[in-house]
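Numbered from 1 within each chain, the chains take letters A, B, ... in sequence-line order.
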4 protein chains.
Amino acid sequence: MTIPINKIAVFTSGGDAPGMNAAIRSVVRACAYHNIECLGIYRGFQGMIEGDFKPMDARSVKGIINKGGTVLKSARSRDFLSPEGREKAYQELKKAQVDALIAIGGDGTFTGAMVFNNTYKIPIMGIPGTIDNDIFGTSHTLGYDTALNTVVEAIDKIRDTASSHNRLFFVEVMGRDAGHIALNAGVGAGAEEILIPEEDLGLERLLESLRRSKQSGKSSSIVVVAEGDKIGKNVFELKDYVEENMLEYDVRVSVLGHMQRGGSPSCFDRVLASRMGVKAVESLLEGKTNFMVGLQNDKMALTPLENAVKGQSKINMELLRVSDIMTT
Amino acid sequence: MTIPINKIAVFTSGGDAPGMNAAIRSVVRACAYHNIECLGIYRGFQGMIEGDFKPMDARSVKGIINKGGTVLKSARSRDFLSPEGREKAYQELKKAQVDALIAIGGDGTFTGAMVFNNTYKIPIMGIPGTIDNDIFGTSHTLGYDTALNTVVEAIDKIRDTASSHNRLFFVEVMGRDAGHIALNAGVGAGAEEILIPEEDLGLERLLESLRRSKQSGKSSSIVVVAEGDKIGKNVFELKDYVEENMLEYDVRVSVLGHMQRGGSPSCFDRVLASRMGVKAVESLLEGKTNFMVGLQNDKMALTPLENAVKGQSKINMELLRVSDIMTT
Amino acid sequence: MTIPINKIAVFTSGGDAPGMNAAIRSVVRACAYHNIECLGIYRGFQGMIEGDFKPMDARSVKGIINKGGTVLKSARSRDFLSPEGREKAYQELKKAQVDALIAIGGDGTFTGAMVFNNTYKIPIMGIPGTIDNDIFGTSHTLGYDTALNTVVEAIDKIRDTASSHNRLFFVEVMGRDAGHIALNAGVGAGAEEILIPEEDLGLERLLESLRRSKQSGKSSSIVVVAEGDKIGKNVFELKDYVEENMLEYDVRVSVLGHMQRGGSPSCFDRVLASRMGVKAVESLLEGKTNFMVGLQNDKMALTPLENAVKGQSKINMELLRVSDIMTT
Amino acid sequence: MTIPINKIAVFTSGGDAPGMNAAIRSVVRACAYHNIECLGIYRGFQGMIEGDFKPMDARSVKGIINKGGTVLKSARSRDFLSPEGREKAYQELKKAQVDALIAIGGDGTFTGAMVFNNTYKIPIMGIPGTIDNDIFGTSHTLGYDTALNTVVEAIDKIRDTASSHNRLFFVEVMGRDAGHIALNAGVGAGAEEILIPEEDLGLERLLESLRRSKQSGKSSSIVVVAEGDKIGKNVFELKDYVEENMLEYDVRVSVLGHMQRGGSPSCFDRVLASRMGVKAVESLLEGKTNFMVGLQNDKMALTPLENAVKGQSKINMELLRVSDIMTT
């Protein structure tokens with residue numbers, strides 16, 4: 001028998017991503033629409049343990065749809081790793097009469113949520129929020145589209161300098177163990193070479209490719225390197241290697257860093273967040289639990305949290321081929 | 001029996017859209033990859049008639065992936081409406097030994113291409129390039145995603161003023177007869193009301209909604225109006241009507257206009273253009289003709305040009321509902 | 001004898017401008033630095049009459065330096081035009097123990113402040129906040145630099161379309177009776193012609209210039225028109241006139257509108273606002289009154305409010321000449 | 001007796017900066033206006049030695065005013081360090097009938113130009129193009145304003161993440177030995193601390209300041225570090241030092257890198273470049289030589305190249321004080 005849901009709590013956890021605020025807003029407004037109470041939990045699992053809650057009504061999320069970061073903040077929580085910590089969190093939720101949870105974050109967030117649900121059976125729904133797009137069950141995670149735009153705009157700027165000076169640039173982008181950002185932003189920025197963990201090009205073939213590119217008359221080059229790529233130990237060692245083996249190149253490195261996580265979300269991410277928030281609330285109201293809301297074939301779809309975490313978000317092999325053709 | 005394809009000509013026609021240059025670049029590089037010659041036709045059908053051609057190799061499209069507009073230019077052509085004009089175009093193409101055509105544009109472009117193919121049987125492939133997203137057979141047309149970002153960024157700015165002054169703004173956005181831009185950008189910008197041609201709200205209900213919004217404590221409002229919407233005769237008359245009927249509101253109008261068509265394409269549009277260009281070239285090489293390349297379920301797919309033009313790109317009803325919930 | 005100042009109230013009035021929030025933040029923090037209390041007045045003179053005040057400490061202005069609009073809101077106030085309204089305002093200020101006022105706005109705001117000071121002798125300092133740059137005594141008003149960037153970015157986009165289609169665009173920009181925005185943004189956007197109220201080109205010479213431009217091989221043109229320009233009755237009539245007299249041109253109009261007033265302020269405006277806020281507070285503490293803080297030769301300087309309002313911010317004649325040379 | 005000037009050659013040298021293309025365009029158009037021939041020299045002094053020249057007319061600089069980088073490219077030239085190299089350059093210029101030179105770049109560029117003029121007496125005029133603003137004789141160098149906007153936009157994004165996670169970020173910005181970018185962008189971004197080479201805060205006082213900031217309730221902090229700052233050996237060592245001494249802080253580093261040099265120039269830089277180009281050409285035509293064009297008190301002014309290189313562009317001490325007040 002399902003317990004009727006009168007109050008939903010929402011939180012963000014893990015690395016922040018553009019669109020998280022838009023998702024919070026959507027959850028809150030969907031609750032208001034269905035006459036459900038909504039509670040915001042600050043600082044993820046740690047705030048859950050500390051009872052750091054705030055009631056949220058439709059007006060309280062005004063003006064946040066276009067803001068980066070998360071108004072509910074995010075934090076790592078060691079305490080939540082222990083049964084005692086989780087018990088404390090449960091007691092706080094019970095005290096606040098929370099009937100269900102919506103977790104916005106990545107696989108670490110979902111894993112924590114599943115462990116919690118395993119013991120305490122409180123209904124839970126996940127919304128994938130991470131710029132890395134490394135979650136199974138959704139074609140796009142929240143923040144991914146915005147990060148791609150941030151990266152191509154940054155590389156467009158670096159290209160101005162590269163082509164003014166006939167330089168080779170290694171640009172390291174985020175993505176953890178996945179090459180989604182590198183591959184898509186690399187194609188979008190017209191990179192001459194893209195290094196991703198999913199495909200090992202090999203140092204020798206990279207050199208060959210750069211030599212060929214140089215001979216074909218290209219005077220400058222951008223190589224986009226995923227942070228998870230294993231070709232060299234890191235992007236600075238890669239630079240040294242290329243400089244030693246290609247004397248004629250002036251090589252530079254740019255690590256784009258944390259600015260990739262911030263910024264006002266793109267329209268795509270704002271709309272996706274709005275759809276996901278509604279879907280998460282309404283799925284809970286329909287009695288569903290332990291699912292992640294996702295975008296599949298342009299429609300909202302549910303994936304068991306377990307699959308979302310264990311499954312693999314595969315790189316688009318067709319795009320990998322397009323990338324090769326573009327750098328002919 | 002299929003004639004082998006040794007030379008492909010590409011042109012842009014109709015209203016320009018961000019991503020057209022990225023598509024031209026992709027077509028040219030895919031031709032180079034397959035050792036096919038590529039010819040650029042300037043100013044669409046008119047340039048075809050005048051033989052305004054230019055051979056394009058991989059280097060000739062360097063540095064255009066991030067540029068708005070179209071390096072091949074676009075133009076209206078009355079001459080092409082007559083059989084004599086089309087005959088002249090055919091002779092020019094024959095003289096230049098063109099074996100197949102790739103047309104980048106919207107439904108007017110595709111209709112012209114089909115009429116031409118009907119008589120002259122030259123293989124033809126379409127790439128949907130228009131910010132309006134009003135083409136059947138693809139979830140996204142080239143330029144649509146960029147236009148959405150341009151619109152939400154503009155409305156974010158208008159919101160600064162609206163909320164500083166407690167004003168009501170009617171913001172007219174492009175989209176021809178379709179409400180795609182208005183609906184998506186309206187949700188993305190957190191608009192209080194969205195008026196699209198696909199759904200007739202009615203003036204009385206608009207007033208009611210605005211009154212309710214005001215009573216609920218909202219001090220400012222943004223109403224996004226699709227240019228094709230029929231609620232008032234135009235957005236200025238709409239303003240007058242609301243001012244007459246809601247004395248307490250200071251109402252302003254902003255028609256975003258042609259800046260919506262320009263700008264550097266988003267990463268999404270650059271990647272989509274790169275994929276579409278390759279698909280168009282390779283489909284021609286496989287002997288296909290009279291199709292449009294499109295994005296369906298995140299994959300490349302072909303749609304008969306006839307269907308692309310006649311079919312209707314339907315508004316996302318789920319998003320319409322999400323929009324209502326967001327403005328609770 | 002000067003009364004010691006223990007509490008300063010700050011307000012924004014007139015049209016909002018990017019940088020107003022940065023100025024509010026600076027006033028508040030400068031008060032905190034000097035151990036003075038600070039009060040925010042909502043909705044300008046109207047809020048002053050209604051006693052709509054809020055104490056502000058250093059933390060209360062966190063995170064607003066990069067926001068457009070004004071967190072203190074702005075409003076027109078008819079009540080303040082009457083002696084009764086002003087008396088009411090004075091009583092509210094007295095009740096709140098306000099010793100001095102800082103007014104952020106344009107000439108309307110400063111005129112109101114002077115009238116008030118005339119009767120009630122409360123020390124007052126002005127900060128010029130308007131995108132129009134039409135205030136005497138400062139080389140730059142707050143928001144002007146940001147608006148220039150907004151305008152050139154919009155025209156860059158329109159240029160994509162103009163040059164793709166060989167069109168002539170009339171782009172109307174803000175600036176009230178002054179041509180500062182039109183002249184500077186016109187030069188910055190590489191406009192072929194710039195129409196400003198300070199210089200009457202005349203319709204016949206405009207046509208000549210456009211014809212010459214066309215003959216010299218230019219295929220597209222951007223004409224930037226200041227909203228205060230008197231050449232035609234308005235920009236749409238201008239379009240009609242040119243179309244009637246130059247058959248070969250496809251002419252379009254774009255009125256950029258209110259988005260020019262919004263957006264995150266440029267670094268220049270944020271820094272200028274920070275400097276002006278400190279200068280305003282410290283000038284009051286030094287016993288000065290009835291001045292406007294301004295930027296003169298890159299330094300902070302004071303101008304009597306009366307001169308700021310009556311004096312004329314002159315157009316840069318050297319730049320007008322540069323503009324002519326650029327369109328050779 | 002002055003030799004009449006019939007042909008001017010223009011080149012860019014040193015690090016590229018936004019606005020260089022706008023300056024090239026202005027030089028070319030000013031030459032056209034005065035019926036002077038104009039020659040572009042590719043790759044700075046190296047191209048001068050190699051005779052890598054291109055005649056430029058008014059149309060040849062179409063559409064570059066809004067592009068970052070330099071269409072004339074830039075390069076280091078060892079050959080120019082030797083008398084033989086410079087003699088070769090002189091012979092190439094003589095062969096091409098060049099009467100005068102305009103050098104766009106920083107102090108290295110100007111020094112090279114002066115050495116050259118010393119021997120060969122060819123009239124020379126400098127335009128300051130560098131994002132670092134470290135040139136004496138102009139309040140703003142070309143590219144400086146654009147770089148400030150690029151930096152504050154990047155830090156705004158980093159702030160999203162910093163405040164979502166309660167983190168301390170060290171953000172390293174460019175500027176060579178000068179703190180102009182760090183100080184202005186730091187104030188513009190609302191940084192909690194700004195470390196510049198012109199002022200040695202000392203590690204101990206930095207820690208104190210961060211502790212005070214934390215105690216005052218600030219949950220996140222941004223410290224902007226000029227690349228030329230000497231407080232720690234580099235920004236990563238600074239991070240380690242702070243982490244060791246302030247256990248409670250999660251510290252991150254972001255090195256903004258080369259994207260600071262690129263991007264479409266701001267309106268300010270486009271207008272400044274347009275003014276400087278005209279002034280440089282007309283100063284040569286008036287018989288002047290060995291000067292740099294600069295902005296002083298909002299007006300064009302000339303400074304002897306020798307002073308431009310030797311003099312010091314001082315940090316704005318008033319702004320340093322404003323910065324302290326803002327972080328109260």
Side-chain angles (χ1 to χ4, degrees), chain A residues 12-18 20-21 42-44 46 66-76 129 131 143 146-147 150-167 169-172 174 219-220 222 250 252-265, chain D residues 12-21 42-44 46 66-76 129 131 143 146-147 150-151 153-167 169-172 174 219-220 222 250 252-265:
Chain A
T12 51
S13 176
D16 63 316
M20 281 187 163
N21 281 328
Y42 284 100
R43 292 176 299 120
Q46 189 59 32
N66 61 351
K67 301 290 183 287
T70 157
V71 294
L72 290 179
K73 309 242 172 183
S74 185
R76 278 180 284 182
I131 64 165
T146 303
T150 301
V151 171
V152 296
E153 282 167 27
I155 301 182
D156 283 355
K157 288 185 173 127
I158 292 172
R159 172 82 69 184
D160 286 341
T161 283
S163 63
S164 295
H165 287 274
N166 297 348
R167 277 177 185 157
F169 265 91
F170 285 103
V171 182
E172 188 188 286
M174 284 186 164
S219 54
S220 67
I222 303 280
D250 186 14
R252 301 291 164 103
V253 166
S254 187
V255 177
L256 292 187
H258 275 82
M259 56 168 287
Q260 295 169 83
R261 294 209 173 278
S264 183
Chain D
T12 51
S13 175
D16 63 318
M20 281 187 162
N21 281 327
Y42 283 100
R43 292 175 300 121
Q46 190 59 32
N66 62 350
K67 301 290 183 287
T70 158
V71 294
L72 290 179
K73 310 238 171 186
S74 185
R76 279 181 284 182
I131 64 167
T146 303
T150 301
V151 171
E153 284 167 27
I155 301 182
D156 283 355
K157 289 187 171 122
I158 292 171
R159 172 81 70 184
D160 286 340
T161 283
S163 62
S164 295
H165 288 274
N166 297 348
R167 277 179 185 155
F169 265 92
F170 285 103
V171 181
E172 187 188 288
M174 284 185 164
S219 54
S220 66
I222 303 279
D250 185 15
R252 300 292 163 104
V253 166
S254 185
V255 178
L256 292 188
H258 275 83
M259 56 168 285
Q260 293 169 85
R261 293 207 173 281
S264 183

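Using a 4.0 Å cut-off between charged nitrogen and carboxylate oxygen, D:Arg261 and D:Asp16 do not count as a salt-bridge pair.
For the pair D:Phe169 and A:His258, the minimum side-chain heavy-atom distance is below 4.5 Å.
Looking at A:Arg159, there are no atoms closer than 4.5 Å to chain D (heavy atoms on both sides), in backbone or side chain. If you measure heavy-atom distances from A:Thr70 to chain D, the contacts under 4.5 Å come from both the backbone and the side chain. For A:Thr12, no part sits under 4.5 Å from any heavy atom of chain D, backbone or side chain.
Residue A:Glu172 forms a side chain to side chain contact (heavy atoms under 4.5 Å, CB included) with just one option from A:Val253, A:Val255, A:Leu256, and that option is A:Val255.
Your options are A:Lys73, A:His165, A:Arg167, and the one with the most heavy-atom pairs under 4.5 Å with chain D is A:His165. If you tally non-hydrogen atom pairs under 4.5 Å between each of A:Asp160, A:Ile155, A:Val71 and chain D, the highest count goes to A:Asp160. Between chain A and the residues D:Gly69, D:Ser254, D:Ser264, D:Ala154, the most heavy-atom pairs under 4.5 angstrom are made by D:Gly69. The choice from A:Ser74, A:Pro18, A:Ala17, A:Gly15 that makes the most heavy-atom pairs within less than 4.5 Å of chain D is A:Ser74.
The shortest non-hydrogen separation linking A:Pro265 to A:Thr146 is CA-OG1, 3.4 Å.
Here the side chain of A:Gln260 pairs a donor or acceptor atom with the backbone of A:Gly257 at under 3.5 angstrom. For D:Asn21 (side chain) and D:Lys67 (main-chain N/O), a donor-acceptor pair under 3.5 Å exists by modelled atom type.
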